[in-house]
Amino acid sequence: MKIRLRFSKYNTMKYIGHLDMLRYFQKAFRRAKVPMKYSEGFNPHPVMSFAAPLGVGVTSEGEYMDIEVTQDVDLEKLVFDLNQQMVEGVDVLSAMVLDDHTKKAMAAVTCAKYVIYLKKNSNLLKNVDIAASVKSFYEDQSEILVVKKTKKGEKEVDLKPFIFDFRGSTFEDRTFYQDLKVDIKNDEFCCEATDPVFVLQVSTGSNDNIKPELVFSALYRYLGIEEEPVIAIHRVELYQKEAPDFISLGA
Amino acid sequence: MRKLFLSDEILMSVEKSARYIGNEVNSIKKNPEDVDLRFCMCFPDVYEIGMSHLGIQILYEMMNRREDVYCERVYSPWPDLHKIMKEQDIPLFSLESQDPIKNFDMLGITLQYEMCYTNILQILDLSQIPLLTKDRRDEDPIIIGGGPCVYNPEPIAIFFDILYIGEGEISYNALFDLYISERKSGNFNRESFLRKAAQIPGLYVPSLYDVTYKEDGTIDEFFPLYEDVPKTVLRQVVTDMDASPYPTKPIVPFVQATQDRAVLEIQRGCIRGCRFCQAGMIYRPNRERSFEVLEGYAKEILSSTGHDEISLSSLSSSDYTQLPELVNFLIDDCCKDGVNISLPSLRIDAFSLDVMSKVQDIKKSSVTFAPEAGSQRMRNVINKGLTVEDILGGAQKAFMGGWNKVKLYFMLGLPSETEEDMKAIPILGNEIAALYYDTVPKEQRNGKCQITMSTSFFVPKPFTPFQWARMYGKDEYLHRAKVVNDTMKEQLNHKSLRYQWHHADVTVLEGIFARGDRKVGDAILYAYEHGQFFDAWGEFFDVKNWDDAFAACGIDPDFYIMRERDIDEVFPWDFIECGVTKEFLKREWLRSKEGLVTKNCKMQCNGCGCGTFDCGICLR
């Protein structure tokens, strides 16, 4: 039986790296006595894979993991049992059964949605109309050229085809974050009513993986801000492409 | 929401920030306001090393069982964070509550190897606690040291308020009770507290003792400053292993620890009596945990941690009486749940090879021998009861069982070592390789066999029969390694042999610390204050800093290294009653000079002195 789990990662757990999270869940499954399917050999490991690695320092409520179990389990009980084993900062949000033909989350994911705000506010950004600036950056430009570092060197890419949504506002506008499952407000960062907050949906996955930092570098340069943006990133959801729309990995 | 002590900016700028956030599975959460005593337990090395240490997990469990005590943890910040903390004047904090260490009542530092001595000072310095016991005030935490290095506490005596001699399970309760009552009395005074603490068995308060030296630099007299302070300190020993606390819910780190597995401590102490081995002497007598108790622990630990590997901890697992029962239980009960079993330090025989073939991939794994010396003469000198027949017989069985990799561990620089003894190392390696080609027919071979020999340089330790022995300089050690290497190249099967040796600089420093006196403390302080720490890490060890430190403090390293001690010399550690008596050690030292082997504790009692603890193997 194949199962897809959705979980969140926030608070101090954002400092735990991808491989450490993998080990954390392996042990949590054992503690919760989930009948995981194991690989063969002298060092058997549970069959599990994450949809898309989350960078250190990034919070999320849209993490997905596919697992395989050897006998049927009750999903509600699975979620409950796992949450008994979670530490503060990780919650298992839901579970769904996958049919045998479903693509692995890792292969299916094409796009991610983020809520983004600032760790350090630039003075130049304080005096601009955030919503209008982001709109003109994203909608008025026919292409958004950035220099992307690759394994082979640097190359110029047009980000525009990989950005599916980009809007900005301030924390006054609660619609940007009120439905989130995790409270993103953090007194270390810029979360005052007049501080900017953004929604960004970009291409993610093994092809055309776009990091939000790259988009923000381009935005700052467009606005004539010289310093590098220092952003707090919260991943809201991961999507797969079902033409013509994106649908949630958990749908 | 849990608040961290370090800012996000700092955590995002250092390597592996997860080292500093706590919150691990099974870490203990208490409200600091609800307790009378806050203890912080420290392993003065990086998190991944410190979290692999069983002793801290035992004491963490034991101390936190007390409702009036909260025990937390701290490890050495990596040099990247160290730099930031120094620049920004940020005090070191505990992992659990993220509170500054300087606000704690006690800081306990475990001393597992001499190369961590500068890291003690790093911990105190970053904690903003005075480095020297004499400079501390009533409001500073009480700094306590423990672990195997305290069997010669003198080189670090000036940094500690208390050094705990022996196993931590015994005297902490009395110390806590004393501290809490002194604090509650309302007029706590550090000096008077330490004076009272010195009465508790096993607790050495270095500031209450003084030392005078002879003209030749050796100790004339070591004595307490006051009449009510005990002249000697008795090592504390757990007498009933089954009844002593054990962490069945050990902390599970997020960052992968060096030992990322469940650990069963099956016994303490060793029956063997190898003359170079400090652990074999200072943890006597051998005391086993019963199989039934271990069986329960194994199940509890695996279910509370979710570890997928379990390992046995002991000095010589093969000597554990109920080993077959224990191993069969692990294979039958744990393996079926996908738990791997790792078996360290097993003597290679039919039984262990059968077990290994069940739990390891023979093609990838190797069999390990620790002959410690190449020649039989040398093995008699060190009382290592492993004969060439044992080694060749074991290797042959392993080759027939399908293994083709053998690892061999040796020491160079042992007392009375001759060139012949050095050459015997690769000659033994060659013999084992030849045996492979004789034993395994060509068509069954899986390529060449691979015989890996490693040598470390011998460092004499306190409370061993070799505590009188001399050491050598760096060049002599490297020369000895070269003799081994050159001889290896002359062997017929040299293409199947590999040889690795250790750095010699660290050996010399370790030797100075291991048998140093109080004067050495000044050099440690000097070296730290001039930027030296993390000596256990090759990339940070700079021998020049140490040369400078010894020169600046007027210390002659050769005094500690090059000198064979007179049989009646007063040692810095003589005030410790370790169990093994100086008389026994002298006897063993003299027997070693004659190449006489001494039988192990199961075969006969050799009257080492530990019988007075009245437990374990001594009761049989």
Side-chain angles (χ1 to χ4, degrees), chain A residues 9-47 55-59 70 82 84-90 118-120 182-190 213 230-233, chain B residues 1-27 29 48 95 98 249 251-257 260-262 301-309 334-342 356-365:
Chain A
K9 184 180 171 206
Y10 56 99
N11 197 343
T12 64
M13 290 300 284
K14 71 178 177 182
Y15 298 110
I16 307 296
H18 176 63
L19 290 175
D20 291 338
M21 279 308 281
L22 203 71
R23 257 194 314 272
Y24 165 79
F25 267 107
Q26 283 178 0
K27 291 182 167 117
F29 287 132
R30 301 189 69 99
R31 290 196 300 273
K33 304 203 164 33
V34 179
M36 297 292 285
K37 188 177 167 183
Y38 279 82
S39 65
E40 301 289 317
F42 272 96
N43 288 301
H45 49 268
V47 179
V56 169
V58 180
T59 58
T70 55
L82 281 173
Q84 295 294 104
Q85 299 302 333
M86 291 297 114
V87 295
E88 186 182 342
V90 184
L118 301 177
K119 289 183 176 178
K120 271 186 192 157
V182 168
D183 180 11
I184 59 165
K185 282 199 175 180
N186 179 329
D187 49 21
E188 252 192 274
F189 303 149
C190 308
E213 289 90 339
V230 189
I231 54 175
I233 306 169
Chain B
M1 189 167 108
R2 222 173 143 257
K3 287 290 269 181
L4 296 179
F5 190 72
L6 295 173
S7 70
D8 177 74
E9 192 185 354
I10 291 174
L11 286 165
M12 290 304 289
S13 69
V14 299
E15 224 181 279
K16 292 194 191 173
S17 44
R19 287 165 174 164
Y20 312 110
I21 66 168
N23 198 36
E24 304 99 320
V25 169
N26 293 338
S27 58
K29 293 178 185 76
E48 297 91 301
L95 293 182
Q98 301 270 311
K249 290 189 180 72
I251 298 169
V252 186
F254 296 118
V255 187
Q256 189 166 26
D260 180 26
R261 52 183 72 93
I301 296 170
L302 289 171
S303 96
S304 73
T305 59
H307 277 306
D308 60 6
E309 188 172 335
C334 302
C335 274
K336 70 168 163 33
D337 299 324
V339 173
N340 298 313
I341 297 171
S342 80
M356 283 160 66
S357 69
K358 286 179 188 159
V359 303
Q360 295 173 348
D361 186 347
I362 294 176
K363 284 200 183 91
K364 286 183 193 151
S365 65

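Source: prediction; values computed, not measured. Proteins come first, then strands; the chains are lettered A, B, ... in the order of their sequence lines, and each starts at number 1.
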- Message: Need one label for B/Gln360: side chain, backbone, both or neither, based on atoms under 4.5 Å from any heavy atom in chain A.
- Response: backbone

- Mind ranking A/Lys120, A/Lys27, A/Lys33 by heavy-atom pairs under 4.5 Å with chain B and telling me who comes out on top? A/Lys27

- Counting only heavy atoms not in A/Lys119, do more than 12 fall under 6.0 Å of its NZ? yes

- Best-contacting candidate, A/Gln26, A/Met36, A/Glu188, against chain B by heavy atom pairs under 4.5 angstrom: A/Glu188

- With salt bridge (Lys or Arg N to Asp or Glu O under 4.0 Å) as the test, would you mind laying out the steps for B/Lys16 and A/Asp20 before giving the verdict? CA-CA 10 Å; B/Lys16 292 194 191 173; A/Asp20 291 338; over 6 Å; no

- Side-chain touch B/Asp308/A/His45, heavy atoms, less than 4.5 angstrom: no

- Of all of B/Asn23, B/Leu4, B/Val255, which one pairs up most often with chain A through heavy atoms under 4.5 Å apart? B/Asn23

- Any chance you could measure B/Phe254, atom CZ, to A/Arg23, atom CZ, to the nearest 0.5 Å? 11.5 Å

- Query: So which heavy atom on B/Arg2 is nearest to which on A/Glu88, and how close?
  - Reply: N-OE2, 3.3 Å

- Are side-chain heavy atoms of A/Lys14 and B/Asp8 found at a separation under 4.5 Å? yes

- Shortest non-hydrogen pair, B/Ala18 vs A/Tyr15, comes out as CB-O, 3.8 Å

- Query: Would you call B/Ile21 and A/Ile16 a side-chain contact if the rule is heavy atoms closer than 4.5 Å?
  - Reply: yes

- The residue among B/Val25, B/Val252, B/Asn26 that forms side chain to side chain contact (heavy atoms under 4.5 Å, CB included) with A/Val87 is B/Val25

- Query: Where does A/Phe189 contact chain B at under 4.5 Å (heavy atoms): side chain, backbone, both or neither?
  - Reply: side chain

- Looking only at heavy atoms, which two atoms of B/His307 and A/Arg30 are closest? And how far apart? O-NE, 3.5 Å

- Query: Looking only at heavy atoms, which two atoms of B/Ser304 and A/Arg31 are closest? And how far apart?
  - Reply: O-CD, 3.2 Å

- Let me know if B/Thr305 has heavy atoms under 4.5 Å from chain A in its side chain, its backbone, both or neither. backbone

